[in-house]
Every structure is written in structure tokens, then in C-alpha cells.
S.K.: 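Please read through the structure below; I'll follow up with questions.
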Protein chains: 2
Amino acid sequence: MTRRARQEDIARELGLSINTVSLALKNSKRINEETRQKVHQVAKALNYIPNTIARSLVEKKTNIIGFIVPNIMNPVQIETAQTIERKLIKKGYNMMLMTTDSDKNYESYALDILVSRQVDGIFLFPTNKQNQDKIKTVRDVNIPIVLLSGGSYEPASDSVYMNQFKGAYIAASHLAQLGHRRIGFIHGGSGNMEKFMGYQQALKDHGLEFDPKLVVTVDSYSYEQGYLSADALLPAHNVTALLASSDYLALGALRWCRERGMRVPEDMAIVGFDNLEAARYAEIPLTSVAFKVEQLTTSAMDLMFELLAEQDKLSSRKPERIVIEPSLEIRNTCGAR
Amino acid sequence: MTRRARQEDIARELGLSINTVSLALKNSKRINEETRQKVHQVAKALNYIPNTIARSLVEKKTNIIGFIVPNIMNPVQIETAQTIERKLIKKGYNMMLMTTDSDKNYESYALDILVSRQVDGIFLFPTNKQNQDKIKTVRDVNIPIVLLSGGSYEPASDSVYMNQFKGAYIAASHLAQLGHRRIGFIHGGSGNMEKFMGYQQALKDHGLEFDPKLVVTVDSYSYEQGYLSADALLPAHNVTALLASSDYLALGALRWCRERGMRVPEDMAIVGFDNLEAARYAEIPLTSVAFKVEQLTTSAMDLMFELLAEQDKLSSRKPERIVIEPSLEIRNTCGAR
DNA sequence: TTGTACGCGTTATCAA
DNA sequence: TTGATAACGCGTACAA
């Protein structure tokens, strides 16, 4: 094993002080050009790589941003994570990713870990509102935390909020306007409450009665769950249209219908959420509520770096809340064209 | 802002030394039970969270494992990442995720970052073999690095190798045995060379001539790229079967065929790679080469922790190489049933 | 232009 | 059972 080279090794090699080496490495003008070059030369020769951890300890800044996400298999969540990672890299930050499996205890644990690792800030896709106190604690120790909420209303935190209530509302309204009166709903469970409420509000505003028998709740976004939900929901109840909390659920349901020779949208209209590529390339291109990743991540990053810049007065700052409006991408499964 | 509490704050509060606090917090038996409890009590009251960074500096161990992956949008890669993250958590480790966009410069950069952040080990999905020297450098400073290679042969590194050569070989052979003589190939580009070679070898072994006109190379796994590839490849050349480097590519091609009223598999047989859920739930269930995530990650974790345990003699250890064999999941797009 | 001294929060060694 | 002191690798104020 080659021992990891430190600044001290470079200093000894050149008969300089550690301080001189430190300054030379960050190209301080206070250092003689000649020695600066020599230092860099030896650093390269020794394969010197700075110890970020030691630096962080003195600078009280790690340049790491934590990202907590319920389920990485959810394409919009992971696309959000990837997009943010890229934006962070450009600003000299790295990302520490943690998943919670939609479990509030894991979420709480993840927050502890990130705080103890001294991350400079945290993005959080909350699974539910159970950890509000902990979130406040994090903010109290001056770590900016930005919620990327597609779900519940979090008035006490900075957040960028994808208005999924409205997404479900326009989707269900669309189906109602097309004449459907029995509209089923595949409820994605925790983190999808707002979609559920938007669906109910749309029914109400269109004079339709909410029937709990038309709702199936699942705990993951998968084709399989969609397929099984369709199997549970569609044979009875006179359902003619289906709104699903995710495209995968919708596509699983689509598959169920097609296997039974049903025509979509004529026999069954289907609308999904997230507008994934899989929706565009489905057997029958799927109408879907778009999740605006670029808008969301841009706003979230702006907000985060604003908070980072005002870190000292974080506690006196009123939580900011940015809302992103979704839109309905109309394709062939809803019958509007 | 509430200042972050340190051990010193607890010590002052109780009139103890920092050392005593430190020991008490890790429940050392050398500490009086009463003071131990008091320390824990005050720690909780002060909302004390240990500073992992300071600990890492003295322990020379961060309990962070780096994970470098070309493209997080690739489902098998992200599933691998997530699976490994969960396994790591159980062992008290966290994961730092970096993406490279299949760019060797980013890959090199990511390695530098992880080394400078003092990670204890690195998993790497290599994009190509360009960074072998750098990988050796990492190993030389005693950081275990395990390649999760679906691609090229890396004799100089510890690696868990998904035998994609064989995967492509059995898939193409399967098609050849079904009577196809003009088999197209959608080449996923860098990181998919072994699939390409397996495809060629299968042709050869079945007496078929390799025709470069039957190969389209793309740079990402997307439905769109698959659709466009089909558009470029299928109208001419008398192709009757198509092997794609990923299920998304295959499904994009499937969509192209179906839009044109082609029957699959009668008019066009299609086989993909990775055996995603989307393959099972496709309009016509897709035959696909399975990627064994569980096997791969289990082996990779075992290997990593073996290396971690022998960290001091890493340089004298011969690189280990574990091979995982893929299998062909036969469904309806190949015509075998 | 370069060097000395100290501090970051924690753990480890050794003494009391 | 507890405390004083040094060390981890680096950055910064100040001195030379």
C-alpha cells in the first residue's frame, strides 16, 4: 500500500512549511511562482489528493447536499434526483442519496444521518407529514431543508410544491366532461393524498357522487399493482374510466383491459400520472398528468442556494413555498381524440 | 439559530471532561452508570448529534461507500444502486452516488471526488476501459474498488461480471435456431461491447454472415432510440428478427412495428435485455435476457466487505473476478411459443 | 514571500 | 472511574 500523501509529505519533500504548501495548492498570489509550481509538481508526483474531510472540519462546510427520496424506482423521483445531482456538480457540490421506502422511521433516520454527516443542505421528498418536528429541528440547526412535495401541504417548511391536487382535479374533470360518471381511482397510498383529494373535488364539482368502492389503494408504483387493481375494480361497479396515481399503474391496468379484449378508450378510458416515456410509447398512447421535473428542480435549486446564502438568518426567515402547476397531456386512452 | 451542540457543551453542562462524555456516549463500561445516564440525558436535551466528520478524521474511516454509475435512468443500474444502498445501510454504511453520463472524464472526476472524500470503498459501473490506470491508483491508496461490469473484461480489478457476452450469445442463438437468418442488432454503445461480440459470435456459430448494415448504434436506453433505430433498420435489409441492448430499445422498436401493422413475432421477432417489468407487461410480452440484480449485488457486497476486511494487504491480493450468468426469459415476441 | 501557532470535534493513550 | 493531552489533515491569523 502506498500511504495517502498529505500536504506534510509535500512540505517535507521540498523543505517548506505545511502552510506554504497549503497556500501554493490553492494558487495564492502570496506564494512565489517558482515554489508554487514546485509544490504542484510534487503534489502530482506524490499523487496528492486533498482530504476533503479535514477541510470540511475547519471550514464547517462539506459541499454535500443530502437527498432523501421514498423510492428510487419511481422514475420521476429518480429523474429529479439525477437532475439535481447534475446541477449540484456544476456548483461544486456532491449529493448524498438516501431512500426511505416510504417509511417515516427511515425518513427520520435518514435525516439524522445527514445531519451527523454535516451536509450543507437537504432536499426531501416527504412520505407523509409525520416528521414535521424533526424537519423543524434540522432547520433550527441551520441546515436548509427544501421539501419537494407532491403530497401534503407543509406550511412550516421551505418547499417546492407540485400541485398534484390540481393535477388530479383536471384529469378527473376531463374524464367527467367526456361524459364518464363512474370514474375509478387507483390511489398510490401515502404521498398521494392530494391526488386523491383532487379526484374527489372534481367529482363533486361535476355533480358526481364519490363512491369509495371505486377506489383501490396500492403501496407501490408498478405495472403489477395496476394490473391487480384493475382486476379488483373493473369487473363490477360499472366503471367506464380509470384515473391512476402513476403511469405504471395505468399501464398495468391497460394491459388487464387489453388482455380481456376491451377497447381503450371506448370500453374503458384510462389516465395516468407523471407522463413517462413509457406512456408515450404504450400500446395505446396514454393520457397523463405531466410532472415538470425541469421546473421543479430549477426552482428547488434556486431556493436551496438562496437559503444557503442566508444561512445565518435562517431561523428568522419565513418559509417559502413555490407551486408548480401540472398539465394534462392528452393522448389516446381518454377518448378526447 | 441554535448552535449545533458538541460533546464539549454536554461536558460543560455536567462539569465533566469531554473525554468522559465521549466514552459515556458510546456506552463504555469504564463509565459509571449514573454519569452515563446523565450524559445521555443532557445529550438528548441539547439535541446532540455526533459530528461524523470529526470522528472520521481520527478513525480514518468514513463508513461511506461510493457508487459510480453511468446513467441513473437505466432501470437495472438504479435498481442495483438501490439494492446496494439498502444492503449498506444494514451494515452501518451510507452511499455516495455519482453519475458519469457514460463520459470517461466524468468517471475519472467522480473517482477523484470520492477518494478526496475518503470513502471506504467504491462500486463502479465502468463506462469503458479508459480509466484502468486511475482505478489502479485508487486501489493503490488502499481503497477497495469493485467493478460491476456488464461490459468489458477488466482483469486488473476486482469485479463482479454479468456475462453479457453470453446473454447476447444465447439470445441471438435462440433467434437463429428459430430460423432467422437476418438478425438486426441495436447496439447500446459504450458499455455494451460484450453484447455486440456475443451477437457476432452467435451468428458465426450458426453459419450466418455478420452484416454491419444490420447494426444500429445508439447512445441511450430509451423507447425513442429504439423507435428510431427500427425506423432506420427495418424498412430494408430483409431483417426478420431484432436483438436490442435493452428492453426500452426493444419496446420502442415493438411500437414502431405495431404502428405499421406488423405482427410480432410473425413478421418481426424481437428480443431485449434486462427483463424489466415493462417487458412483462408489454402489449406483446417481451422475450428478454435477465439481469440478475440480486445475485450481482449480493456477490458485489460480499466481495467489497472481504476487501474491506483485508484492507492492509490489498496490494498483495490478486484481483478477484466473479461471473454471473444471465438467462433468457422467453415470452411472446420471439416466436418460440 | 514564508513560517508559527491555533482551532475544527472527535477518539485514543496514558496518567491520576 | 475520570481527566489531561495529543493526534487526525487542513485553513487562517498573525508574525517574521
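When reading the values below, keep in mind they use all heavy atoms of this one structure, side chains included, and skip hydrogens, waters and symmetry mates. Below, chains carry the letters A, B, ... as their sequence lines are ordered, and counting in each starts from 1.
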S.K.: Between atom CG in Leu25(A) and atom P in dG9(D), what is the gap in whole Å?
M.R.: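 That distance rounds to 15 Å.
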S.K.: Measure from CZ on Arg4(A) to C1' on dC8(D) and round the result to the nearest Å.
M.R.: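 Rounded to the whole Å, the gap is 13 Å.
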S.K.: Can you sort out the partners of Tyr93(B) under ring pair (Phe, Tyr, Trp, His ring centres under 6.0 Å), two or more places apart, ordered by chain and number?
M.R.: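 Only Phe305(B) meet the ring pair (Phe, Tyr, Trp, His ring centres under 6.0 Å) criterion with Tyr93(B).
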S.K.: Nearest-Å distance, CG (Asp9(A)) to P (dG9(D))?
M.R.: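 Rounding to the nearest Å, CG of Asp9(A) and P of dG9(D) are 9 Å apart.
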S.K.: With sequence neighbours excluded, what pairs up with Asn47(A) under the side chain to side chain contact (heavy atoms under 4.5 Å, CB included) test?
M.R.: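 Asn47(A) satisfies side chain to side chain contact (heavy atoms under 4.5 Å, CB included) with Thr137(B) only.
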S.K.: In whole angstrom, give the distance that lies between atom CD of Gln118(B) and atom C1' of dC10(D).
M.R.: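 Rounding to the nearest Å, CD of Gln118(B) and C1' of dC10(D) are 11 Å apart.
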S.K.: Can you measure Arg12(B) atom CZ to dG3(D) atom C1' for me and round it to whole angstrom units?
M.R.: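 Spelled out: CZ on Arg12(B) to C1' on dG3(D) is 17 Å.
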S.K.: How would you list, by chain and number, every residue that makes a salt bridge (charged side-chain N to carboxylate O under 4.0 Å, His left out) with Lys134(B), sequence neighbours excluded?
M.R.: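 With neighbours one apart ignored, the set is Asp112(B).
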S.K.: I'd like to check the side-chain hydrogen bond (donor to acceptor under 3.5 Å, both in side chains) partners of Gln295(A); sequence neighbours left out, ordered by chain and number.
M.R.: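 Listed in chain order: nothing, the list is empty.
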S.K.: According to a strict under-4.0 Å criterion, is Gln7(B) in side-chain N/O contact with OP1 or OP2 of dT11(C)?
M.R.: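 It does, given that an N or O in the side chain of Gln7(B) lies less than 4.0 Å from OP1 or OP2 of dT11(C).
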S.K.: At how many degrees, to 10°, do the end axes of the helix from dT1(C)-dA16(D) to dA16(C)-dT1(D) meet when each uses five pairs?
M.R.: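 The value is 40°.
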S.K.: More 5' along DNA chain D: Leu23(B) or Ser22(A), using each one's nearest nucleotide?
M.R.: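 Nearest-nucleotide comparison on DNA chain D picks Leu23(B).
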S.K.: Just jot down the ring pair (Phe, Tyr, Trp, His ring centres under 6.0 Å) partners of Tyr48(B), sequence neighbours excluded, or say none.
M.R.: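 If we apply the ring pair (Phe, Tyr, Trp, His ring centres under 6.0 Å) test to Tyr48(B), skipping adjacent residues, there are no hits.
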S.K.: Is the phosphate of dG9(D), meaning OP1 or OP2, less than 4.0 Å from a side-chain N or O of Tyr48(A)?
M.R.: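 Tyr48(A) to dG9(D) OP1/OP2: no side-chain N or O under 4.0 Å.
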S.K.: Nearest whole angstrom, please: distance from the P of dA12(C) to the NZ of Lys61(B).
M.R.: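 Lys61(B) atom NZ is separated from dA12(C) atom P by 12 Å.
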S.K.: Specify the separation, in whole Å, of atom CG of Leu14(B) and atom C1' of dG3(D).
M.R.: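 It works out to 15 Å between those atoms.
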S.K.: In terms of heavy-atom contacts, does OH of Tyr109(A) have more than 12 from other residues, nucleotides or ligands at under 6.0 Å?
M.R.: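 Yes - once you tally the heavy atoms of other residues, nucleotides and ligands closer than 6.0 Å, there are more than 12.
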S.K.: Considering every strand and a 4.0 Å limit on heavy-atom distances, what is the contact class for Ile53(B): base, sugar-phosphate, or nothing?
M.R.: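 The answer is nothing, as Ile53(B) stays clear of every strand by at least 4.0 Å.
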S.K.: According to salt bridge (charged side-chain N to carboxylate O under 4.0 Å, His left out), who are the partners of Glu34(A), at least two apart in sequence or on a separate chain?
M.R.: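 Expected list: none.
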S.K.: As a test of understanding, state which of Lys318(B), Arg321(B), Arg139(B) forms a salt bridge (Lys or Arg N to Asp or Glu O under 4.0 Å) with Asp158(B).
M.R.: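 Considering Lys318(B), Arg321(B), Arg139(B), a salt bridge (Lys or Arg N to Asp or Glu O under 4.0 Å) with Asp158(B) is found only for Arg139(B).
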S.K.: Would you tabulate the nitrogen or oxygen pairs shorter than 3.5 Å linking the protein to nucleotides 4-8 of chain C?
M.R.:
from   : atom 1 : to       : atom 2 : distance (Å)
dT4(C) : O4     : Asn19(A) : ND2    : 2.3
dC8(C) : O3'    : Lys60(A) : NZ     : 3.4

S.K.: Applying salt bridge (Lys or Arg N to Asp or Glu O under 4.0 Å) as the test, list every pair that has at least one member in residues 45-63 of chain A; sequence neighbours left out.
M.R.: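 Output for this query lists Lys61(A)-Asp120(A).
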S.K.: Can you pull out every salt bridge (Lys or Arg N to Asp or Glu O under 4.0 Å) where at least one residue sits in residues 85-96 of chain B? Sequence neighbours excluded, please.
M.R.: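 Those involving residues 85-96 of chain B are Asp101(A)-Arg86(B), Lys87(B)-Glu294(B).
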S.K.: List in chain and number order the residues that pass salt bridge (charged side-chain N to carboxylate O under 4.0 Å, His left out) with Glu13(A), two or more places apart in sequence or in another chain; answer none if no residue qualifies.
M.R.: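 Per chain and number, Glu13(A) pairs via salt bridge (charged side-chain N to carboxylate O under 4.0 Å, His left out) with no residue.
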S.K.: Name every residue in residues 28-45 of chain B that has at least one heavy atom under 4.0 Å from any atom of DNA chain C, in order of residue number, or write none if there are no such residues.
M.R.: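 Per residue number, the list reads Arg30(B).
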